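Chain naming here is simple, since letters A, B, ... match the order of the sequence lines and numbering starts at 1 in each. Computed from a prediction, not measured in an experiment: that's the story for all the values here.
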Amino acid sequence: PMRMHSLQVDSVQRWMEDLRHMTEVE
Amino acid sequence: RAAQGRTYGNLGNAYYLLGNFQKTVGAHEQRLLIAKEFGDRAAERRAYCNLGNAYIFLGQFGVAAEHYKRTLQLARLLKDKAVEAQACYSLGNTYTLLRDYERAIDYHLKHLIIARELKDRVGEGRACWSLGNAHTALGNHQDAVHFAEKHLEISRETGDKS
């Protein structure tokens, strides 16, 4: 989703990969 | 009505895991409405967080940030430090997506402080990683090196080779 410094893509993309499987369970 | 609330929450989570983020938002909006009817702050907090996550994958980063801010307010109200840290981390990453690096740094620092308080070394490492990147984006190379060194130190300690 981004065009920026490659290191930045790493940390945000890592977060998004984790987020994709994360839900706040009832 | 209480069972309906829980069901909307579960339905929203199922849609999310299936990758249907529009339907996720619809279900969690209903969950939020019912949580508010009952004054159930914990359920309200969960709904805001789930909505924030869904808006990230819909590419609506500004809307996601607003939902994460409500999550953060409620985490503070509920005195839940781990959730407060998580909300700060989400906000730091969301502002990075919005290319607002000053705000990203602000939230990543908040996350770092709580991670240290909770002795969460993995969280601290991630905060340092993110802070190094945000400072690089702003051209603050001294600060970037400082946080990169901290990140390296913590990664070695936690055995994170990657």
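Here the closest non-hydrogen pair linking Leu18(B) and Arg20(A) is C-NH2, 3.9 Å. Here the closest heavy-atom approach between residue Glu24(A) and residue Asn50(B) is recorded as N-OD1, 2.9 Å.
Heavy atoms closer than 4.5 Å to chain A are found in both the backbone and the side chain of Tyr16(B). Using a 4.5 Å cut-off between heavy atoms, Thr24(B) does not touch chain A at all. Only the side chain of Phe21(B) comes within less than 4.5 Å of a heavy atom of chain A; its backbone N, CA, C and O stay farther away.
Remark: Met16(A) CE to Ile56(B) CD1 distance equals 6.5 Å, nearest 0.5 Å. Atoms CG and OG, on Asp10(A) and Ser162(B) in that order, are 9.5 Å from each other to the nearest 0.5 Å. With rounding to the nearest 0.5 Å, the separation of NE2 in His151(B) from OG in Ser11(A) is 8.5 Å. Summarising the geometry, atom OG1 belonging to Thr7(B) is positioned 8.5 Å from atom CD belonging to Glu26(A); distances are rounded to the nearest 0.5 Å.
A 4.5 Å side-chain heavy-atom check between Asp18(A) and Arg126(B) finds at least one atom pair inside the cut-off. Residues Arg14(A) and Trp129(B) are in side-chain contact: their nearest non-hydrogen atoms beyond the backbone lie under 4.5 Å apart. At least one side-chain heavy atom of Gln86(B) sits under 4.5 Å from a side-chain heavy atom of Met22(A).
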- [ ] Verify side-chain contact (heavy atoms from CB on, under 4.5 Å) between Ser130(B) and Trp15(A), making sure each step is shown before the conclusion.
- [x] CA-CA 10 Å; Ser130(B) 307; Trp15(A) 170 68; over 6 Å; no
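Under the 4.5 Å side-chain contact rule for hydrophobic residues, Tyr89(B) and Leu97(B) share a cluster. Leu17(B) and Tyr8(B) sit in two unconnected hydrophobic clusters of ILVMFWY residues. Membership requires side-chain heavy atoms under 4.5 Å apart, directly or through other members. Hydrophobic clustering, with ILVMFWY side chains joined whenever heavy atoms are under 4.5 angstrom apart, keeps Tyr107(B) apart from Ile114(B).
Counting non-hydrogen atoms of neighbouring residues, nucleotides and ligands closer than 6.0 angstrom, the CZ atom of Arg70(B) exceeds 12 such neighbours. Lys69(B) NZ: more than 12 foreign heavy atoms inside a 6.0 Å radius.
Put simply, the side chain of Asn93(B) never gets that close to the backbone of Val12(A): no donor and acceptor are under 3.5 Å apart.
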